Structure formats: structure tokens, C-alpha cells
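Okay, structure first, notes after.
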Protein chains: 2
Amino acid sequence: MSKKKPTILEVAARAGVGLGTVSRVLNNHKSVRPETRARVLKAMEELGYTPNPHARRIAGGRSYTVSVLLPFVATEFYRRLVEGIEGVLLEKRYDLALFPILSQARLRRYLESSTLAFLTDGLILASYDLSEHFEGSRLPTDRPVVLVDAKNPRYDSVYLDNFLGGQLAGEYLARFPGPIFAVKVEEEPDRAFHHTVFAERLAGFREALKAAGRPFPEEHLYTTRLSQEGGRLALRYFLEKASPPLNVFAGADQVALGVLEEAERLGLTVGKEVRVLGFDGHPFTEEVGLSTIAQPVEAMGARAAQLLLERMQGYAGPPRAVRFEPLLIERASTRTSPAVPYLP
Amino acid sequence: MSKKKPTILEVAARAGVGLGTVSRVLNNHKSVRPETRARVLKAMEELGYTPNPHARRIAGGRSYTVSVLLPFVATEFYRRLVEGIEGVLLEKRYDLALFPILSQARLRRYLESSTLAFLTDGLILASYDLSEHFEGSRLPTDRPVVLVDAKNPRYDSVYLDNFLGGQLAGEYLARFPGPIFAVKVEEEPDRAFHHTVFAERLAGFREALKAAGRPFPEEHLYTTRLSQEGGRLALRYFLEKASPPLNVFAGADQVALGVLEEAERLGLTVGKEVRVLGFDGHPFTEEVGLSTIAQPVEAMGARAAQLLLERMQGYAGPPRAVRFEPLLIERASTRTSPAVPYLP
DNA sequence: CTGAAAGCGCTTACAG
DNA sequence: CTGAAAGCGCTTACAG
């Protein structure tokens with residue numbers, strides 16, 4: 001029940017200028033004398049003024065809000081991605097609205113209705129190529145759209161070369177003695193939204209092993225959902241197939257963490273009896289000494305946001321595809337190093 | 001790039017009425033002749049008109065949008081909850097905007113800024129009692145707030161009696177021969193947002209076993225994150241402690257499903273050698289024949305939405321607390337029944 | 001560089 | 001029951 005929010009009018013009064021001028025500093029018009037601008041900013045500060053996005057939208061056609069549609073899965077990956085996106089957006093004074101995609105039906109409704117929450121200035125789609133669900137493979141919106149962690153010839157896309165990531169993993173593990181195993185992360189049950197990153201990683205991995213002349217029988221592959229517990233089950237399964245030393249490539253850091261955890265629990269020396277290589281390069285991998293194929297998630301998010309800003313500013317060229325490359329980071333989990341205890 | 005959205009003016013023109021009348025049918029004013037109303041509705045239909053929520057917000061102070069803040073975890077529970085909320089909101093022509101809570105910092109920013117996405121007419125908070133993060137234990141908003149799956153004396157709340165649910169589970173399992181085990185679901189790593197439902201379920205369970213004179217040693221409890229794989233690990237752990245028949249109470253259906261899965265895999269007869277009781281009553285439990293303590297999630301969501309609507313319509317009484325009771329549903333997983341194979 | 005005015009798409013008294 | 005008008009908080013030519 002705080003007092004009514006101040007408007008541009010009160011700011012103008014306090015700064016001793018017209019309301020047009022306040023609007024101009026709000027919109028970074030260069031035709032405002034630095035002195036005036038400072039006075040206005042001060043007034044805004046003192047009044048605790050924030051612009052009303054509804055009014056901005058109504059008056060100027062822009063609401064300074066961007067929508068991010070993302071899978072409804074709480075992973076470190078999306079946390080990082082959103083962080084990257086938000087970083088560049090905030091700089092340009094844009095807000096973002098997150099849209100977890102609970103179901104296809106919901107998405108449809110979002111896009112086809114003119115829900116307030118959806119009347120934003122631009123869209124970023126993460127991981128899912130949603131366009132396939134709409135006729136003409138185009139989203140029913142006239143706002144700019146950018147995909148991240150996905151590819152589509154009709155829209156700007158920012159993606160990681162997951163195949164290459166798998167290859168790096170394969171080449172690396174092929175150098176160690178002992179059999180090689182892999183954990184694949186299952187696609188989500190809702191087949192309507194699929195992404196292929198995990199399949200691509202595995203394909204690259206297979207190719208590299210083949211090129212290195214290392215065998216990779218089908219029973220060396222374990223599939224599970226994205227969970228730490230899945231990694232634990234995987235290692236148990238592998239230990240039924242072969243005895244240490246074992247080399248394990250986990251398609252995601254979270255799963256790799258489970259492998260690590262179970263190895264410790266079973267009293268196996270990580271980095272020697274069980275070598276583990278993850279994928280993603282999440283911050284926690286450093287703490288636990290997990291080797292990983294790192295992807296610059298934040299940078300990818302930031303790039304996506306930049307592409308979108310350009311579009312919102314009028315750029316109308318053909319769709320751009322920005323490819324990022326993963327990077328192998330070697331840590332204790334693939335290195336024998338007696339003095340590196342794993343602490344969960 | 002579809003042609004510009006039609007406005008209220010075009011609708012008025014086509015219907016041959018003033019724009020005030022169009023607005024009136026939009027807002028369900030009773031002072032519109034049925035005949036006129038029909039004409040206007042027809043015109044809207046033909047034009048594909050949808051009102052601009054920004055303009056409504058600006059002009060009338062209401063945007064007909066409600067925000068739902070929910071944990072960023074993709075579970076059946078939240079899918080059902082949102083469905084329940086949405087059901088009653090749509091009926092009243094309200095839209096909803098979902099806000100997955102990625103982090104506490106984000107929440108703060110949401111609430112304290114006047115992000116477009118947050119300028120809605122009311123708030124529903126799911127599971128987390130976020131108020132504790134703000135001074136005065138009140139959210140920094142002057143809009144009505146309702147909690148669901150959580151309790152707070154300062155706001156309307158809708159919650160399940162989880163303790164009772166645990167008791168029902170304990171009383172029920174106490175009737176069977178064989179040792180009793182339980183899987184507890186771990187709280188989330190981010191301690192800033194905690195909820196206590198799983199602890200409450202376990203407390204009720206313990207109490208019931210005690211009352212029934214059934215032992216429940218500490219080693220009969222297994223804690224895991226909310227994942228199917230966690231249930232599988234749990235059953236393996238239990239089988240190290242005792243041999244069948246075993247009775248297992250899983251604090252969540254998803255985990256119970258993992259127990260079921262692992263039992264099948266190990267060739268144990270579900271319902272006889274391993275009895276499993278879940279919690280939540282999710283739709284899939286019926287398909288797999290899983291006994292469960294059902295909670296009326298959709299109904300809880302609907303109730304929360306109703307409470308909020310009442311507040312938005314001006315109701316200003318003291319906070320209300322609506323308590324729901326769970327219900328035991330008995331199925332094959334706790335019933336010996338040779339002809340009920342479990343198919344994953 | 002800056003004011004005053006028109007306009008964005010609606011709602012809501014105010015008259016009739 | 002229904003028009004015509006004022007107003008919501010902003011942006012943006014248009015003048016100066």
C-alpha cells in the first residue's frame with residue numbers, strides 16, 4: 001500500500017522541465033543537454049521513479065521487455081543461459097520475462113492469444129525449435145525471434161557444436177587404458193518438444209572412438225534421465241560389465257557428478273580406477289575436480305540477446321547462425337592424483 | 001507480419017455502436033442490451049479482435065493477468081497446480097503469467113522493479129513462502145497475494161495436510177507383514193527457498209508407525225532427490241537391509257515409480273514381495289497400479305485462484321487458510337494380485 | 001536543446 | 001441502455 005507510483009509528470013515538475021524532456025532522457029535521446037539530463041535523473045532517483053512499461057508500450061510501441069521461452073527444467077544450464085541473456089539485456093535497459101514451457105497446448109495459447117505477458121518486443125527460444133509446431137514453420141508473431149541452443153534456417157540461431165564436443169571427449173578418453181563407457185541422457189518424455197544435443201554428443205563420441213580404433217560395444221552405453229542418481233546407477237551397471245580401470249564419458253555434468261559420487265562410495269579411486277569426463281563445464285565441476293567438455297553457456301546467451309537487440313533495432317538481413325565450440329577442461333577426475341580427495 | 005491488430009474503434013464501427021459500448025461488453029457490464037451485445041461480439045469475432053492488455057491496464061488499472069510464482073522444477077505437481085489455477089482464471093477471462101523462480105536475486109528484482117511482466121493484478125505463490133525474504137514478512141506489492149502449497153498467517157493460503165498424509169501412509173503400511181521402509185525426498189539445495197512438505201509427510205508417517213507399535217529404525221530411511229532413479233537406488237539399499245517381503249513408503253509418486261521399476265527389474269513381485277505406496281496421486285499412478293496418498297492438486301490450485309479473484313474484487317477480510325485432506329488410494333502395488341503385471 | 005500537443009487503445013463517469 | 005468526452009502514463013513529430 002505504498003503511495004501511488006510517481007509519473008513522468010511529477011518528475012518533470014521536480015526537475016523543472018517539460019514532460020517531453022523526461023521522456024527523452026528515458027529513451028536516451030542524444031538531444032538532451034548533459035546538465036538537464038542530470039537534473040532529470042536526479043529527480044527520478046529522488047522520486048523513486050520507474051517508467052510504466054504498459055504506457056510505453058501503448059505510446060511508443062515498445063515495452064522494453066523480451067520473452068525467453070525455455071523448457072521447464074531446472075538445470076544449471078538454463079540458469080547460466082538466462083544469466084548470459086540478462087546481462088546484455090539489462091545493459092540496454094530491457095527486462096526479460098521467462099516462459100517455462102509446460103506443455104505444447106500452453107505454448108499455442110501463449111502465441112496465438114495476445115496475453116499481456118506475451119506482448120513483448122522480441123522472443124528468445126531456448127533448446128526447443130518450436131517453429132515446427134506452427135504452419136509455415138514460423139512462429140505466429142511479428143516480433144523478432146532468436147533461437148539459442150537450437151538451430152533453424154528461418155531464424156537467427158546460436159548453438160554449440162555438440163558433435164565436436166563428443167569428438168573431443170572420445171579422442172581424449174581413447175588415450176587412456178581400460179574399457180570406455182558412456183552415459184547418454186534421455187530425451188524428455190514429451191516427444192512434442194525434442195532436442196538433439198545429447199544424441200549429437202554421443203555421435204561425435206562414437207566417431208572419435210572409431211577413428212582411434214577403440215571398441216565401443218552397445219552394452220557400454222547406459223541411458224538415463226538427467227539426474228545425479230542416474231549417474232550412480234550407470235556406474236554400477238558399468239562395473240557389472242568390466243572391472244577397473246574404467247573410463248566414463250557422461251553426457252552431462254550432473255550425471256557425471258553421480259558417477260563420481262558412486263565411485264567414491266564404492267571406494268574406487270577417481271582419476272585412476274574410474275576416470276570420469278562430464279559435459280557442460282558448469283561451475284561446480286571445478287570444485288569437485290571434474291574434467292569436462294565446457295560450453296560457454298553464458299556467452300551463448302549473451303550472443304543471442306545481442307542478435308535479438310539488433311533485430312529489434314531494425315536489422316533485417318538474412319538469418320544468422322552463430323556456432324560456438326566446446327573446450328576440454330582436464331581436472332582430477334581423469335588424472336591420477338593421490339592428493340585430490342573428492343568431497344561431495 | 002500480419003496486418004495490424006484491430007482496435008476497439010474498428011469493432012465499434014463494424015457493430016455500428018460507440019466505442020464505449022464495445023468496452024462495456026468487454027467488461028461484462030450488465031447494462032448492455034443482449035441484442036447489442038451479440039452484435040458487438042459478432043464484430044469482434046469477425047475482426048479477430050482481442051483487447052490490448054496494456055491499454056486496459058493503463059486506462060482501467062487492471063490488466064486481467066495474474067502472476068504465478070513457482071519453483072523452477074518441472075514436476076507433475078506443478079503442471080496439475082497450474083492447470084487448476086488456470087481453469088478458474090480463464091473462466092473469468094483472466095490470463096496468467098508464470099514466473100519460475102530461478103534464484104532469490106531474480107525474485108527480488110522482479111518484485112522491486114516494475115517489470116512489465118510483474119505489473120499484474122494479483123499474485124499466487126506456490127510452495128515457497130517467499131514473504132520471509134522481505135522486511136515485515138510482506139511482499140513488496142500492493143496487489144493481492146495468495147499462497148498455495150504453503151502457509152502464512154499474513155496471506156490467504158491453500159495447503160494440504162501433509163502430516164495427515166504421512167499418518168495415513170503409516171497406518172496403512174503397518175497392517176502388512178514385513179519390515180517397513182521409507183524414502184524421503186530431499187529439500188532443494190538452495191536453502192533460501194525451502195518448503196517442508198516432505199518433512200511433514202515423514203513426521204506423520206513416523207507417528208503412525210509408533211502408534212501402531214511398528215519399529216522404524218533410522219537405517220530404514222533413505223533420502224534422495226526427487227527422481228525416479230532415486231527410487232531405484234532406494235530399493236537396492238533397502239534390499240541390503242532386509243529380504244522380502246518389504247513395505248516401502250515413498251514420499252513422492254515419482255520416486256515410488258523408481259521403486260516399482262527396480263523391483264520389476266530384480267524380478268520381485270510388486271504387491272507381495274515389495275509393497276510400494278507413493279504420495280501425490282498423480283495421473284500416471286493409475287496406469288501403473290501404484291497405491292498412493294492422493295492430494296487434490298487441481299482443486300487446490302482452483303481454490304487459490306478463487307481466493308485471489310475475491311481479493312481482486314475487493315474482499316478485504318482477514319487472511320483465510322484453506323486446508324485440504326489427502327486420500328489413500330489402494331492399488332495393485334500394495335495388493336497381491338498375480339494378474340497385474342507392471343509395465344513401465 | 002526543449003515545450004506543448006496529439007495520439008497510443010482502452011475505461012469510466014456523465015449526460016441523455 | 002448508449003454516446004461523447006476525459007483521462008490513464010507515456011512517445012514522438014512539430015515548432016521554436
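Fair warning: this is a prediction, and the values are worked out from it, not measured in the lab. Labels below follow one simple rule: chain letters A, B, ... track the order of the sequence lines, proteins then strands, and each chain is numbered from 1.
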What's [X] touching, base or sugar-phosphate or nothing? Going by heavy atoms closer than 4.0 Å.
| X | value |
| --- | --- |
| B/Val22 | nothing |
| B/Tyr49 | sugar-phosphate |
| A/Ser23 | base |

Give the rounded distance in Å between these two atoms: [atom1] of [X] and [atom2] of [N].
| X | N | atom1 | atom2 | answer |
| --- | --- | --- | --- | --- |
| A/Asp121 | D/dT11 | CG | P | 12 Å |
| B/Leu26 | D/dT2 | CG | P | 15 Å |
| B/Leu9 | C/dG7 | CG | P | 13 Å |
| A/Met44 | D/dG9 | CE | C1' | 15 Å |
| A/Asn28 | D/dT11 | CG | C1' | 14 Å |
| B/Arg39 | D/dC1 | CZ | P | 14 Å |
| B/His54 | C/dG7 | NE2 | C1' | 17 Å |
| B/Ile58 | D/dC8 | CD1 | P | 10 Å |

Counting only side-chain nitrogens and oxygens, does [X] get under 4.0 Å of the OP1 or OP2 atom of [N]?
| X | N | answer |
| --- | --- | --- |
| B/Asn27 | C/dT11 | yes |
| A/Thr7 | D/dC8 | no |
| B/Arg56 | C/dC10 | no |
| A/Thr21 | C/dC1 | no |
| B/Arg62 | C/dT12 | yes |
| A/Arg33 | C/dT2 | yes |

Check: For residues B/Arg57 and B/Asn52, is any side-chain donor paired with an opposing acceptor at under 3.5 Å?
Finding: no
Item checked: Minimum-distance nucleotide to A/Ala59 side chain [options: C/dC8, D/dC8, D/dA4] -> C/dC8
Next item on the list: Return the nearest nucleotide to the side chain of B/Leu19; candidates are C/dG9, C/dT11, D/dT2.
Entry: C/dT11
Margin query: Please give the stem ranges for DNA chain D, sorted by first residue number, where a stem is three or more consecutive Watson-Crick or G-U pairs and both donor-acceptor distances are under 3.5 Å.
Written below: C:1-3 with D:14-16, C:5-12 with D:5-12, C:14-16 with D:1-3
Check: Measuring from B/Leu89:CG to B/Gln306:CD, what's the distance to the nearest 0.5 Å?
Finding: 10.5 Å
Margin query: Once rounded to the nearest 0.5 Å, what's the spacing between atom CG of A/Asp121 and atom CD of A/Gln313?
Written below: 11.0 Å
Check: So, does the side chain of A/Arg24 form a donor-acceptor pair with the base of C/dG3 at under 3.5 Å?
Finding: yes
Check: Picking from A/Pro319, A/Ser127, A/Ser157, what satisfies side chain to side chain contact (heavy atoms under 4.5 Å, CB included) with A/Leu147?
Finding: A/Ser157
Checklist line | side-chain hydrogen bond (donor to acceptor under 3.5 Å, both in side chains) assessment of B/Thr65 paired with B/Thr120 | finding: CA-CA 5 Å; B/Thr65 306; B/Thr120 51; over 6 Å; no
Checklist line | Earlier contact from the 5' end, DNA chain D, for B/Ser31 and A/Ile8 | finding: B/Ser31
Checklist line | Along DNA chain D (nearest heavy atom to each residue), the more 5'-positioned of B/Lys30 and A/His29 | finding: B/Lys30
Note to self: Using the rule given for side-chain hydrogen bond (donor to acceptor under 3.5 Å, both in side chains), can you reason through B/Asn27 versus B/Tyr64, listing the C-alpha separation, both sets of side-chain angles and the distance that settles it, and then say yes or no?
What the structure shows: CA-CA 11 Å; B/Asn27 293 295; B/Tyr64 293 90; 3.2 Å; yes
Notebook entry, point to check: Looking at A/Arg80, A/Glu76, A/Arg79, which hits side chain to side chain donor-acceptor pair (under 3.5 Å) with A/His282?
Noted result: A/Arg80
Check: Is atom CZ of A/Arg323 surrounded by more than 12 heavy atoms (other residues, nucleotides or ligands) closer than 6.0 Å?
Finding: yes
